[in-house]
Structure formats: structure tokens, C-alpha cells
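Quick caveat: nothing in here was measured; it's all calculated off a predicted structure. Below, read A as the first sequence line, B as the second, and so on, with proteins coming before strands; counting in each chain starts at 1.
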Protein chains: 4
Amino acid sequence: MKFQCDTAARVPIYRQLMDQVREAMARGRIQPGERLPSVRQLARELVVNPNTIAKAYSELERAGVLNTRPGMGVFIAPPQASLTLEVRRERLIKAINVCLTEAVHLGFTTEEVATTLTQQIEQFQFATASPNPSPKTPAP
Amino acid sequence: MKFQCDTAARVPIYRQLMDQVREAMARGRIQPGERLPSVRQLARELVVNPNTIAKAYSELERAGVLNTRPGMGVFIAPPQASLTLEVRRERLIKAINVCLTEAVHLGFTTEEVATTLTQQIEQFQFATASPNPSPKTPAP
Amino acid sequence: MKFQCDTAARVPIYRQLMDQVREAMARGRIQPGERLPSVRQLARELVVNPNTIAKAYSELERAGVLNTRPGMGVFIAPPQASLTLEVRRERLIKAINVCLTEAVHLGFTTEEVATTLTQQIEQFQFATASPNPSPKTPAP
Amino acid sequence: MKFQCDTAARVPIYRQLMDQVREAMARGRIQPGERLPSVRQLARELVVNPNTIAKAYSELERAGVLNTRPGMGVFIAPPQASLTLEVRRERLIKAINVCLTEAVHLGFTTEEVATTLTQQIEQFQFATASPNPSPKTPAP
DNA sequence: GTGGTCTAGACCACT
DNA sequence: GTGGTCTAGACCACC
């Protein structure tokens, strides 16, 4: 996996790295079990303090997205949805509202948003069946 | 307009207030020319330091969404899209990707996301014509 | 003389009015002895608090630019250069530096600034002889 | 870079600092990528509250002329002209008019203004080619 | 009444 | 070390 970071941005570097891992996973570019570059290697590559890389990795591990196996490296963890359906719904709606608020302020029309969304949604690897199925999709 | 803030959240209070103003505008709940609560009044109401409110307001003014008139109060500014179409497109795609990344990690299916999005999109006041119209939506 | 003010601007209204009087004088659009609209009349016209108009006028009077004759109205005062050449030089250089700093930040070239300046300078009514002549312009 | 501020002046301290940074940049005395003194250091040096320095820096960052990297310091940002030619022209004319109005009121002649301007203009680092070149300056 | 500026001093986040 | 956020409380400018 290829990382990059922008030291001039106001979003902290460790956050940029976390976001990149999460987005790459969501796009299916990296799979569970895959190994990420070591802290030191990535620190050299990005010319960044190793502590910063370590912080990004440890936060992701705390979130259950990565597994660190001492002496072996850092690996993508298998998916695990531990949240209740209610909490997941809330967060989805929140994420959508943030996105739509931005879209309105950028001056786009409903159609333009829908078009762009359709284009982008194909590039993500969505689950084929929800772990806690919603009532909308009754089991056959 | 009704505000609320969570002192315990890791997102700064002034940021929470900014987001609420922006979302309320995007939903059409507050209109250009409308007056917001005064700094002191809102500070008393939320039990927050007036400086914090002032910071939220002044940041929004610099973003061009508010006008503050000393001695008069703070008002919603008329809409003004000064960004190029290219920049606006970039930001829209970025916002959508953040949203979709979150949706995948929450374990939702494509259909669930599409359904929720359709529900939410109706609650926002989108522009009816883009300031820099895209070739995608020819006039009938 | 026609006044206008922008309540949304962050420069105070009384300052906007002062600047308009000063610029109109510098352009020769209003002459010494000419009468300005009364406080009440201008306040009605601009839909502004009379105190605000009064403040603009009294500040200009303090600067020696206006004369208020009670019961008669407000008049443009005859020119009077009471400052030393040294102070006037300092202020001219300061004003020019502010202007040039802005020009550089706007990304203009020297030629573009010179061209625009030549166009604008013709519209102002400069003195034909300096009250405290500089050594550059020896008396014949 | 050397700063100074006048606590007695009616222009706010943070504004004075902003103006000094902008002028130093326009004169080429500080270059993109260069680091400014830290908030705390400058606050000690000028005997001013750190919050005041921070305000100046953060306003300049919002204007796009500085980058602040938490934990690293504050740096001059690479130049970026995002404004349309029309807006830039308007602002240039406005800046020139303010300057000329002042010059007339100080009692200077056209020649004196032209002479002083020629002297000062050499000390600024103007762009050599406009980002949106005007038709006035064809390439030789 | 309104918002704007500044101080003093605290705590946190980032590198 | 760096900057960012928040509080408490003061004074000023504008309308």
C-alpha cells in the first residue's frame, strides 16, 4: 500500500494515515491479513517522526482495524461489526448529513450529487449482506 | 435557531457550532438575512464562554456564510459561490468518499446506503441550477 | 453629493462615509464651501442611525475637513496643510507601501500596477504647487 | 524576521503583525517555506499575550499566506492566487484610490507622488508575469 | 444593547 | 518543544 501525507494540511498527519488505511480497506485495495509497512520503514519513506506512524497504527488497532503482532509486523484485521444496528444507523445518517451539507454549500444540485455518488459508490467494496440485517431486506 | 453543544466531545465547541449553522443553512432552516442569537445570549444559553461563541461566528464570517455588524448582531449572508467548478468537484468527491468509507466500515450494503441517502437528501435545500452548470444536465 | 453605505462590510459605517467625503474631495467632485446634506436628511436617505452620520461629520470636522455652522448646515472647509513636510512625506510613503503590498499579494506585475496607476491618477485633483515645496521643485 | 508593535495605536496589535508579515513578504524579505518565530517566543519578545500572536498567525493562515503545523511551527506558504482577474483588478484600483486620496489630502503634487512611487516600487518583489496575463503586455 | 480586542492562565493535541 | 482550545474578566468601538 502506498501512503502519502501533506504536512501543510491542518489535519494531523497521523489522522491522514488512518484515513488512508480506512479508505483503502473500504475500496478493497487492501484485504484482511495483508501486511502494512513497518513503522520505521514508513517513517523513513514519508520523512516523518516514527512516533507519528506508531500513533496512527495504534489508534487503528484500538479501533479493531489492525492487528500488531510483535516482531512480525502490522496486519489488517478481519472485519468485525460489534456495534448495534441502532448505533450503526445513527452514524451512517450522520456521515450522510455531513456530506450533503457540504454538497449544498458547494452549490450543487440534487442531480449532480446523485450522479457523482453513483460514480463513486461503484469503487467501494460494500458488504453483500448486512451482519445485523435491517427489516428492509427480509430473508427469503 | 436552536443550538446545542457537547463539552465532552473531542471536536471543539466552536466547531460544533459552526457545523450546526452550516447544516441548518443547508436544510433551509435558516435563511439569508436572518439574525442569529447574540454572542452573549448564546453563551449564557449554552453555558459557554462568550469568546468561544465569538470564535465560531467569526470563523463562519471569514468563510463568507455570516455577516457580523458590530452593534447590530450576526446575520446569515447571501449565498456566494466563489470557487471554481474544478475545486468544487474535488471537494464534493472528497466528501462523498469520506461518507462511503464510513458506510463500508459500518458494514452496510449498497442498497442500505442508497435507501438512507434517498431519505436524507430530500431534507436538504439543494440549488435548482448550478452556478457553473455541468454539461450533464441540459435544459429541457 | 451622493452617499452610499454597505452595512454588511466590516468597516464601520461612519468610516465609510468619511472615506467617501475624503475621496470626493480628492477627486474634485466637491469643492470648499459646498454644503453637505444634513445629518437627519442623510440618516433618512441611508436608513442609518443619525448618531452614525453625526459621528462621521464630527470626526471630519476634527480633522479640519468640514465646518459645521450651527443652524446653517455642514460645509467643506478650505484646504489647510498644517503638517510638516517630514510628517507628510512619512504618511505618503506609508500609504504607497500599503498599496504596493496589496498589489504584490494580488499577483500583479510592475507594469500592470504602473498602467493602472497612470489611469487613476488623472482622476484626482492634485495640488499644482506644494505648500511646503520639496527640494526637488526649486522655485523659478 | 523582526517584528514590532505599538500598543497605543488604534489599529489592533494582531493587525499590525499581519501587516508586517504581508509587507515583508511583498518586499521579498521572507520567502515561502521560511519559518516565523514561534507564538510563545514572539509573545515574550514583544511583551504581548501569546493569544494575540496566535490570532495574527491564524488569520494569516486563513488568508492562505501562512501554514501552521502544530508541533512544528509556522511557515510562509507558497504563493497561490485563487481570485479571478476581475476581483483582483477591483482590489488593485481600490488600493490605489485609497493611496491617491491620502496623497491629495497631504497636499502633494502629481510629480511628487510619481517620484516617491518610483522610488518605493523598486523595493517590492513584483511578479514577473501575471497568473492571468493582461492583453496589455504581449510577449516580445 | 451589539461585537472586537486583549490579558492571564489552564489544559490538550501534535511532532 | 510546538500550536489549539477554553475560561474568566476587562475595556473599547459601534449603533
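D:Asn67 places its CG atom 15 Å from the C1' atom of F:dT2, with the value rounded to the nearest Å. For the pair B:Leu42 CG and E:dG1 C1', the computed distance is 16 Å after rounding to whole Å. One can place CD of C:Glu59 at 8 Å from P of F:dC14, the figure rounded to the nearest angstrom. Rounded to whole Å, the distance from CG on B:Leu60 to P on E:dG4 is 12 Å. The CG-C1' distance, from B:Leu17 to F:dT5, rounds to 13 Å in whole Å. B:Ile53 places its CD1 atom 14 Å from the C1' atom of F:dT5, with the value rounded to the nearest Å. Put simply, CD on B:Glu61 is 11 Å from C1' on E:dG4, counting in whole angstrom units. Residue D:Leu66 contributes atom CG, which lies 16 Å from atom C1' of F:dG4 at whole-angstrom precision.
Within the 4.5 Å cutoff, the side chain of B:Met72 has no heavy atoms near those of the C:Thr7 side chain. Looking at A:Tyr14 and A:Asn51, their side chains never come closer than 4.5 Å, going by heavy atoms from C-beta outward.
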Pairing pattern in dot-bracket form [Watson-Crick, G-U; both distances under 3.5 Å; | = partner strand] for DNA chain E: ||||||||||||||.
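Note on B:Ser58: every side-chain N or O is 4.0 Å or more away from OP1 and OP2 of E:dG3. Between B:Thr68 and E:dG3 there is no side-chain polar atom (N or O) within less than 4.0 angstrom of OP1 or OP2.
By the 4.0 Å N-to-carboxylate-O rule, C:Glu45 lies close enough to C:Lys2 to be salt-bridged with it. Ion pairing of D:Arg27 with D:Glu23 is present here, as a side-chain N (NZ or NE/NH1/NH2) and a carboxylate O approach within less than 4.0 Å.
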For nucleotides 6-15 of chain E, give me one character per nucleotide, 5' to 3': B if any protein heavy atom sits under 4.0 Å from the base, S if the only such contacts are to the sugar-phosphate, - if neither. BBBB----BS
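Distance CZ/D:Arg88 to NE2/C:His105: 13.5 Å, rounded to 0.5 Å. Rounding to the nearest 0.5 angstrom, the gap separating the CG atom in C:Leu66 from the CZ atom in C:Arg22 is 10.5 Å.
Residues A:Leu17 and A:Gln4 approach most closely at CD2-O, 4.3 Å, considering heavy atoms. Among all heavy-atom pairs drawn from B:Gln20 and B:Phe3, the shortest one is OE1-CA, 3.4 Å.
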Walk me through it: do C:Tyr57 and C:Thr68 pass the test side chain to side chain contact (heavy atoms under 4.5 Å, CB included)? CA-CA 8 Å; C:Tyr57 280 177; C:Thr68 304; 5.5 Å; no
